[in-house]
Structures are given as C-alpha cells and as structure tokens.
Protein chains: 2
Amino acid sequence: MLDEIKTVARQHLATDGANLSLRAVARDMGMVSSAIYRYFPSRDDLLTALIIEAYNALGDAVEAAAAGPDRLDLRARWHAACRAARDWALTHPAEYALLYGSPVPGYAAPDDTVSPAQRPPLTLVGLLREGLETGLLSPPPADELSTPLHDDLTELADVFFTGIPPALLARGMAGWTQLFGLISFELFGRLNQTVAHRDEYFDHQVGLLADLIGLPQPR
Amino acid sequence: MLDEIKTVARQHLATDGANLSLRAVARDMGMVSSAIYRYFPSRDDLLTALIIEAYNALGDAVEAAAAGPDRLDLRARWHAACRAARDWALTHPAEYALLYGSPVPGYAAPDDTVSPAQRPPLTLVGLLREGLETGLLSPPPADELSTPLHDDLTELADVFFTGIPPALLARGMAGWTQLFGLISFELFGRLNQTVAHRDEYFDHQVGLLADLIGLPQPR
DNA sequence: CCAAAAAGAGAGCACTGCTCTTGACGCGGC
DNA sequence: GCCGCGTCAAGAGCAGTGCTCTCTTTTTGG
C-alpha cells in the first residue's frame with residue numbers, strides 16, 4: 001500500500017514536479033484524499049520518502065557503474081560513474097530535480113535523507129582513495145590551499161574521506177560539483193539550441209575533469 | 001504601479017519561492033486579488049517579469065565586475081566576475097533559485113528571457129576572446145574534440161561566440177557550468193557541515209577552473 | 001462469533017489561481 | 001451641465017489544494 005502510493009506519486013512527480021497533489025494521487029488510486037493521511041502524515045513525509053528512494057536509486061546506479069570496469073582503470077570507472085548518474089537523471093528528470101533542484105520552500109530535509117544523499121559523492125571520492133592506495137594517482141601539491149581551507153578539508157577528510165589529502169579532496173569536490181552542473185544544465189534546458197551531441201559533450205567535459213583531478217590515462 | 005507589485009512580489013519570493021501567491025501580494029498592497037490581473041495577465045507573467053529583472057541584475061553585476069580590474073589581467077577579471085555572480089546569488093537566493101533551480105512545473109520561459117539569460121555566460125566567454133586577441137591566452141589543442149562535438153561547437157561559436165575555437169569554448173562552458181554548480185551547492189545547502197570557509201573554497205575552485213581554461217597567472 | 005483494531009468516507013476550514021460582473025472615478029466633447 | 005467612455009478596483013464565484021475531524025465500514029484475532 002505504501003509502495004502503491006509512492007508509485008502513483010512518482011508518476012505525478014513527472015508532470016507536477018515538487019508540488020504534486022495528494023488529492024490527485026488519491027483520486028488515481030480510487031481513494032478519498034483523507035485516506036492517504038493514514039499512511040503519510042503529511043505531504044512532506046511523502047516527499048521525503050520519495051527523496052530517500054531516489055537518492056538510493058541514484059546511489060545504486062553510480063556504485064554499480066563504478067564497480068563495472070577493471071578495478072585499476074580509474075578513468076574508465078570515473079567515466080562510468082558519471083555516465084550512470086547522467087543516465088539516471090535523464091530517465092528520472094523529475095526525481096533528479098527533486099534531489100538537486102531548488103529546495104522546496106518550507107520543506108526541510110530530515111536527517112534520514114543525508115546518508116543516502118552522500119552515496120554518490122562518496123563513491124566518486126572512493127575512486128580517488130583507491131587511486132592513492134594503488135599508486136595510480138598522485139596527489140596535487142599540498143601548498144596550493146590557503147590555511148583555513150586546508151584545515152576545513154582535512155577535517156572533512158577525517159570524517160568522511162579518510163586518507164584523502166585536502167588538495168585532492170578539493171579537486172574531487174570540483175568533479176562532483178561539475179558533474180552536478182553538467183547534468184543540471186542539460187536537464188534544465190540550458191543546452192537547448194546549443195549542443196546537439198549531448199553524449200559527446202558530456203563525455204568530453206567529464207574527461208576534462210578527470211584531467212583536472214589527475215586520473216591517469218589508460219595505457 | 002508595476003514596479004510596486006514587482007517589489008512586493010520579490011519579497012514574497014524570498015519566503016515562498018517560486019509558488020508565491022498573487023493574493024498575498026495583493027493583500028500586502030491593500031488591494032484585492034483581482035486588481036493585480038489588470039497589470040499582470042497571469043501569475044506566470046509576473047514570474048516572467050521577475051525572471052527578466054533578475055537576469056539583468058545578475059548580468060549587470062557580472063559585467064561590471066569583469067570590467068573592474070586591469071583589462072589585461074584576465075585571471076583577476078575571471079575571479080571578479082565569478083565572485084560577483086556568487087555575491088549576487090548569496091544576496092538574492094530566491095531569485096537565483098528562480099533562474100537556475102529546477103524549472104517551475106508547467107511554466108515555459110518565453111523568448112523575452114533568453115537574451116538576458118545569456119549575458120553572464122557571454123561576459124565570461126568574452127574574457128576568452130579578449131585573451132585570444134591580446135595573445136595572453138593560447139587555445140588548447142584542437143584535436144581533443146570528437147568530430148560531431150567539434151562541429152557543434154564551431155556552429156555555436158559562429159552564432160554567439162565568434163572567433164572562439166571549439167576546444168576553448170568547451171573549456172569556457174566547463175567554467176560556466178562549474179560556476180553554476182559551485183553557487184548552487186553552496187546555496188542549496190550542500191556545503192553545510194562540510195566547508196566552513198566558503199569564500200576561500202569558492203576562490204580555490206574558481207582558480208582551478210582558471211587553470212583548466214588556461215588563464216595566465218598574473219606576473 | 002463477536003469485540004477490537006484498522007481503513008476508508010465525508011464534511012468542513014482556510015487557502016490558491018483565475019474569470020466574470022458590477023460599481024466608482026476622472027476626462028473630453030457637445 | 002451632462003453624457004459617454006475608458007481606467008481602475010471590488011466582489012462573488014468556480015475548481016482546485018493541504019489538512020483535520022468525525023463517522024462508518026471492513027478486516028482481523030482470539
């Protein structure tokens with residue numbers, strides 16, 4: 001029953017975006033609107049459930065893609081992970097917008113969402129750690145960071161990304177940011193009448209970021 | 001009168017986001033809701049007016065910042081333009097979200113918005129053109145692009161960015177994308193409990209992008 | 001088989017965007 | 001002076017929304 005509601009709600013998400021209507025969902029299920037409130041105490045709780053599911057679906061896709069290629073071919077795994085994120089976003093645009101679009105006004109994401117939300121960036125940075133451990137990836141010079149930023153990122157590394165030097169972490173975050181920007185621009189129509197070959201464009205930009213991070217070229 | 005409505009609407013935008021209420025705006029002005037419709041035929045038209053104003057405000061800020069430093073110090077101008085965009089976004093978060101957040105469901109941006117929307121990226125790419133003309137910037141190797149992407153970008157350059165070789169244009173677009181991603185992540189709370197020194201973080205990431213684009217270090 | 005628990009139905013409140021009709025002003029021509 | 005006309009605002013009304021409350025039906029368990 002919970003699943004049925006979520007399924008119908010996902011369909012409405014595609015057309016109505018974040019302001020989907022509980023009453024419309026109820027109508028589609030042949031129920032009366034008040035009956036939904038037995039399962040989800042409020043509309044925001046329904047949204048939260050959808051958000052968590054979406055984060056996990058995206059996380060599954062990215063993690064699976066990153067584990068696909070040869071473990072030592074970091075560049076292939078980086079590309080695969082990025083493509084998986086983009087593919088998921090293109091097939092689930094409304095859910096992606098819910099996750100990474102403008103925050104819904106008046107909606108504060110509860111704590112249950114933060115752990116699923118961290119899965120995609122964690123896998124990307126996981127590639128960096130593996131690169132360091134296998135010696136395939138050499139960290140950028142440490143002196144390129146200002147002191148306060150250095151401290152911020154070492155602390156961040158201690159909590160989430162153990163063993164990543166701050167300068168490399170900054171570049172990893174740049175990659176994650178850029179990946180998000182690329183997908184958002186494409187999805188939100190910023191590439192319309194601009195770039196026709198979206199796949200090639202995306203791959204090229206992801207490759208540029210791989211260069212910036214320092215991922216080695218395949219031999 | 002039009003201006004007064006827009007001013008009040010901007011205030012509501014800050015709290016209610018994209019789904020601001022015409023009736024609430026009218027209440028604040030001591031009018032009845034139907035009177036607003038004499039000035040804006042629909043809520044979407046009000047949104048459009050706000051969007052155009054916001055694009056122009058952002059464009060003004062970015063253009064002014066890019067013209068501030070020494071004309072030949074491309075890197076300083078790049079940093080200034082990026083900082084201006086971020087500053088504007090931080091002081092006008094709701095309007096930024098309206099421009100670059102998830103598209104409002106059911107709302108299609110009319111053609112009046114595309115020209116103001118192009119001002120920020122045009123100024124950024126304008127820096128690249130000046131760099132080429134003054135010889136301060138050397139374009140990346142042309143063979144790093146696949147053929148279809150090369151064709152796309154040369155065509156795009158012909159229309160909007162005359163004189164920019166496609167490989168450089170791709171890097172400029174990467175910069176624009178990254179700038180958008182950086183601001184969005186910060187504004188949408190993705191840096192909470194992660195990076196404390198936001199200014200330093202932003203500057204560092206913008207510097208990384210400047211490196212990728214090939215902007216020369218100041219002497 | 002019958003009581004207890006769970007699930008749905010329905011009415012209602014305050015709110016939304018939007019339309020239509022009605023009434024109040026001010027201004028120029030006769 | 002007064003009549004028409006265009007501009008403005010007001011009010012009622014329609015269909016929709018999230019949410020709460022009460023009441024009835026259905027299902028379940030001992």
Side-chain angles (χ1 to χ4, degrees), chain A residues 1-54 94-95 97-98 101-110 112-113, chain B residues 1-54 94-95 97-98 101-110 112-113:
Chain A
M1 177 58 68
L2 289 172
D3 285 343
E4 191 181 343
I5 296 179
K6 283 192 278 189
T7 304
V8 177
R10 251 193 306 271
Q11 297 166 5
H12 279 85
L13 209 58
T15 67
D16 296 342
N19 43 13
L20 75 147
S21 146
L22 270 187
R23 294 175 111 112
V25 173
R27 257 197 307 276
D28 270 21
M29 301 180 57
M31 289 168 78
V32 88
S33 71
S34 55
I36 300 265
Y37 286 83
R38 294 231 173 248
Y39 302 95
F40 293 97
S42 84
R43 205 193 63 121
D44 283 2
D45 291 271
L46 214 191
L47 275 184
T48 300
L50 293 177
I51 287 175
I52 292 179
E53 279 202 356
E95 287 160 85
L98 192 60
S102 12
V104 183
Y107 173 82
D112 320 20
T113 61
Chain B
M1 180 56 71
L2 290 173
D3 284 344
E4 191 181 341
I5 296 179
K6 282 191 277 188
T7 304
V8 178
R10 251 192 305 271
Q11 298 166 4
H12 279 85
L13 209 59
T15 67
D16 296 342
N19 42 14
L20 57 85
S21 149
L22 269 187
R23 294 175 111 113
V25 173
R27 256 197 307 275
D28 271 21
M29 301 181 57
M31 289 169 77
V32 86
S33 71
S34 53
I36 300 265
Y37 287 85
R38 236 161 248 291
Y39 301 96
F40 293 97
S42 82
R43 205 193 63 123
D44 283 1
D45 291 270
L46 213 191
L47 276 184
T48 302
L50 293 177
I51 287 174
I52 292 178
E53 278 202 356
E95 286 160 87
L98 192 59
S102 11
V104 182
Y107 172 82
D112 320 21
T113 61

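Please read these numbers as outputs of a predicted model, since none were measured by experiment. All chains are named by letter (A, B, ...) in the order of the sequence lines, taking the proteins before the strands, and each is independently numbered beginning at 1.
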Could you run down the sub-3.5 Å N/O contacts of the protein with nucleotides 16-26 of chain C?
{"from": "C:dT16", "atom 1": "OP1", "to": "B:Ser21", "atom 2": "OG", "distance (Å)": "3.0"}
{"from": "C:dT16", "atom 1": "OP1", "to": "B:Arg27", "atom 2": "NH2", "distance (Å)": "3.3"}
{"from": "C:dG17", "atom 1": "OP1", "to": "B:Leu20", "atom 2": "O", "distance (Å)": "3.1"}
{"from": "C:dG17", "atom 1": "OP1", "to": "B:Leu22", "atom 2": "N", "distance (Å)": "2.5"}
{"from": "C:dG17", "atom 1": "OP2", "to": "B:Ser21", "atom 2": "OG", "distance (Å)": "3.4"}
{"from": "C:dG17", "atom 1": "OP2", "to": "B:Leu22", "atom 2": "N", "distance (Å)": "3.2"}
{"from": "C:dG17", "atom 1": "OP2", "to": "B:Arg23", "atom 2": "N", "distance (Å)": "3.1"}
{"from": "C:dG17", "atom 1": "N7", "to": "B:Arg23", "atom 2": "NH1", "distance (Å)": "2.3"}
{"from": "C:dG17", "atom 1": "O6", "to": "B:Arg23", "atom 2": "NH1", "distance (Å)": "2.9"}
{"from": "C:dC18", "atom 1": "OP2", "to": "B:Tyr37", "atom 2": "OH", "distance (Å)": "3.2"}
{"from": "C:dC18", "atom 1": "OP2", "to": "B:Arg43", "atom 2": "N", "distance (Å)": "2.7"}
{"from": "C:dC18", "atom 1": "N4", "to": "B:Arg23", "atom 2": "NH1", "distance (Å)": "3.3"}

Atom pair distance, as rounded to whole Å: CG in A:Leu47 and P in D:dG18:
10 Å
To the nearest 0.5 Å, what is the distance between NE2 (A:His12) and CG (A:Asp28)?
4.0 Å
Residue set satisfying side-chain contact (heavy atoms from CB on, under 4.5 Å) with B:Glu53, at least two apart, ordered chain then number -> B:Lys6, B:Arg10
Set of residues satisfying side-chain contact (heavy atoms from CB on, under 4.5 Å) with respect to A:Thr113, sequence neighbours excluded
A:Thr48, A:Ile51, A:Ile52, A:Ala109, A:Pro110
Listed by chain and number, what are the side-chain hydrogen bond (donor to acceptor under 3.5 Å, both in side chains) partners of A:Ser34, not counting sequence neighbours?
none
Spacing between A:Met29 atom CE and C:dA9 atom P, to the nearest angstrom
11 Å
Please give, in whole Å, the distance from C:dA7 P to A:Ile36 CD1?
13 Å
Specify the separation, in whole Å, of atom CG of A:Asp28 and atom P of D:dG16.
14 Å
Looking at every non-hydrogen atom in both residues, tell me the closest pair between A:Ser102 and B:Gly101 and how far apart they are.
OG-CA, 3.3 Å
To the nearest Å, how far apart are B:His12 NE2 and C:dC15 C1'?
13 Å
Could you state the OH-P distance from A:Tyr39 to D:dC19, rounded to the nearest angstrom?
18 Å
N/O donor-acceptor pairs under 3.5 Å from side chains in residues 36-43 of chain A, not counting sequence neighbours:
{"from": "A:Ser42", "atom 1": "OG", "to": "A:Asp44", "atom 2": "N", "distance (Å)": "3.2"}
{"from": "A:Ser42", "atom 1": "OG", "to": "A:Asp45", "atom 2": "N", "distance (Å)": "3.4"}
{"from": "A:Ser42", "atom 1": "OG", "to": "A:Asp45", "atom 2": "OD2", "distance (Å)": "2.7"}
{"from": "A:Arg43", "atom 1": "NH1", "to": "A:Ala18", "atom 2": "O", "distance (Å)": "3.2"}
{"from": "A:Arg43", "atom 1": "NH1", "to": "A:Leu20", "atom 2": "O", "distance (Å)": "3.2"}

Rounded to whole Å, the CE-P distance (A:Met1 to D:dT26) equals 15 Å
